[in-house]
Amino acid sequence: MESRGPPVLISRQSVPRDRRRPSSPTVSRRVAAAANTVLVRTRFAPSPTGYLHIGGVRTALFNWLFTRRHGGQFILRIDDTDQQRNVEAALAPILHGFRWLGIDWDEGPEVGGPHAPYYQSQRQAQYQAAVERLLADGFAYRDYAKTEEIAVEREAAEKEKRPFLYSRRFMATSDADRRRFESEGRTAVVRLKMPRDGTLAIDDQIRSRVEFDWAREQDHVIQRADGSCLYHLANVVDDHDFEITHVIRAEEHLSNTPRQIFILESLGYERPVYAHLPYVAEPGSKTKLSKRKLDKYLKNRDFAQICEHGRAIADALGFHPEAETFNPVIVDFYEQVGYLPDAILNYLALLGWSLDDRTEFFTRQQMIDSFTLDRVNRAPASFDPKKLWAFQDHYMQELPLEEKVERTLPFLERARVVASPSGDKVRRRLRQVIEAAGDRIKVAGDILDYADFFLPDDSVRYDEAAFDKQLRREAKATERLQRFRDRLAAAETFDPAELERLLQEFVTAEGIAVGNIIHALRVAVTGKSVGFGLFDALAILGRNASVARIDRAIGRR
RNA sequence: GGCCCCGUCGUCUAGCCGGCCUAGGACACAGGCCUUUCACGCCUGCAACACGGGUUCGAAUCCCGUCGGGGUCACCA
């Protein structure tokens, strides 16, 4: 006898596709009925892998924005049915990443909640109960087939170019069957007894109506012979237990949805609202972004540039992270290098979503207030680290001076450029440097470009190419420097305006252009050929340091 | 291969229940201005409706087909 799902499973209704996707009747009814009660509950289910992937953050962010907009609850559930060892250690960086970004969760690890536990590994009893109900109600069966026997059937079907459907030859329908199979030394897994006719329609909030033929669905295994349960079963049971109302997840789960709906409706659960997000694609491509293909991304100029910039800061910090986990695909990269969470969130929100044709900057609250599922795009969006950088640039420029001080100081300390904890003197100088540097500091770690302002005069590190060009190859350069040095040493005051006046006076007297001395002077004092205003630099260093540095540069020639 | 999803500048996108689109914005890129270098800023430029058929006075927008890209088909999650 064919077992069929409950009648609600089957729908032949045809509804014209509507690109605007007004919210489905289900949703509006819930929202209306809810009025004051909380009716939106969403979840993100990270696997404890040891790092937070940028694509995962995007998915979590959309869940979070949607939930916050509706005053609901956002839940973190841990998908650890697979790996049992070191879950806590592998989870820590993920939770840390969310905290750093300011994506908070209402229930889940570390915060608990009324539906604990939030770890799938601790919920076997619930899954077991669900399996037993499915079995008792005829929506699942014990299957004694060996893996090879299934494979043979599948290959035969493929050879004949017909869709594969398991014959259910080893399905046990009675205790007698079980005894017989077991006497042959077979063990049983539990399979879903999927419908074999009719269609299933899913009204996805992003993709409108999507239909599937039940006959294409396999009798998926939901429980292994050893009693452990598989993901789809666990997922459905947990979503129900946690009272999840909206399942907002990546597109790759769309094809898995029919079996999940079969399970949940067989169990008598109400369907959540589904919204399948387009995935985040590789830079300049439409292929799904993956942490495993770093080599490939490094061939992308922009990606490589952002990566290299981050590595340089890591170097200056004195730590040498593994390429696998230190790159723009992993969130930790941004924290280590000194990006702003707001910039990342803003960039990510616009990756697959937009409010209109011009708004690009959103505060968190604005994002929450304006986020709707119907403005989520359907095509995959490729990850563009350069654009993320542009957002970072913008947010950094908006940051008040004192906050820049707070964010950059730890970098100087970690790089041991200044003592830790540092004193007021360091903070004062840091303030001066940041003001002078202005928007040249794109990420907090960029402060290390100005480390020489905090180091002793005799340890300035020179850009040798620049030193060569400005000081060694220009014969007259050092003589001029020497003469200007003497004027500096005798200067009355040492502020930028006065210094500039002094230099103007000097070049007039020498009969040269400003350009004929200023570059050499910059290299002598800062070690580099690039940087912020030279008069600011001299003023920050003060007379003694400036003179000492010029002397040293002349001397080492 | 079956099933499902998707297809507007290099990238993110607006527009998509037809005319306001000689397709708008942003990033990137190129050139210029500013300038002691770099960065910022400002100005200018480059650049797209995948293709082919329909329907229509009129299509990026509706219909059909083709092509292309992707996802998924596990006793992984």
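Every value quoted in this text rests on a predicted model; they were computed, and no experiment measured them.
- Donor-acceptor pairing under 3.5 Å, judged by distance alone, is absent between the side chain of A:Arg378 and the base of B:rC5.
- A:Gln397 comes within contact range of the sugar-phosphate backbone alone, with a heavy-atom separation under 4.0 Å but no base atom that close.
- Counting any heavy atom pair closer than 4.0 Å across all strands shown, A:Gly515 reaches no nucleic acid atom.
- Nucleic acid contact class of A:Arg301 (heavy atoms, under 4.0 Å, all strands): sugar-phosphate only.
- When Watson-Crick and G-U wobble pairs are counted only if both distances are under 3.5 Å, B:rG1 pairs with B:rC73.
- Of the residues in residues 379-389 of chain A, those placing a heavy atom less than 4.0 Å from an atom of RNA chain B are A:Ala379, A:Pro380, A:Ala381, A:Ser382, A:Asp384, A:Lys386, A:Lys387, in numerical order.
- Ring geometry for A:Tyr166 versus A:Tyr141: interplanar angle under 30°, hence parallel rather than tilted (30 to 60°).
- Scanning for side-chain contact (heavy atoms from CB on, under 4.5 Å) contacts around A:Asp439 gives A:Gln397, with sequence neighbours left out.
- Using a 4.0 Å heavy-atom distance criterion, A:Gly533 is classed as a base contact.
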Could you write nucleotides 71-76 of chain B as a row of B, S and -, 5' to 3', where a protein heavy atom under 4.0 Å of any base atom gives B, of only sugar-phosphate atoms gives S, and otherwise -? BS-SBS
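- When the nearest nucleotides of RNA chain B are assigned to A:Leu350 and A:Gln504 by heavy-atom distance, the more 5′-ward of the two goes with A:Leu350.
- Within the nucleic acid shown, A:Phe535 comes within 4.0 Å of at least one base atom, counting heavy atoms only.
- For A:Asp439, taking side-chain heavy atoms from C-beta onward, the closest of the listed nucleotides B:rA39, B:rA26, B:rC6 is B:rA39.
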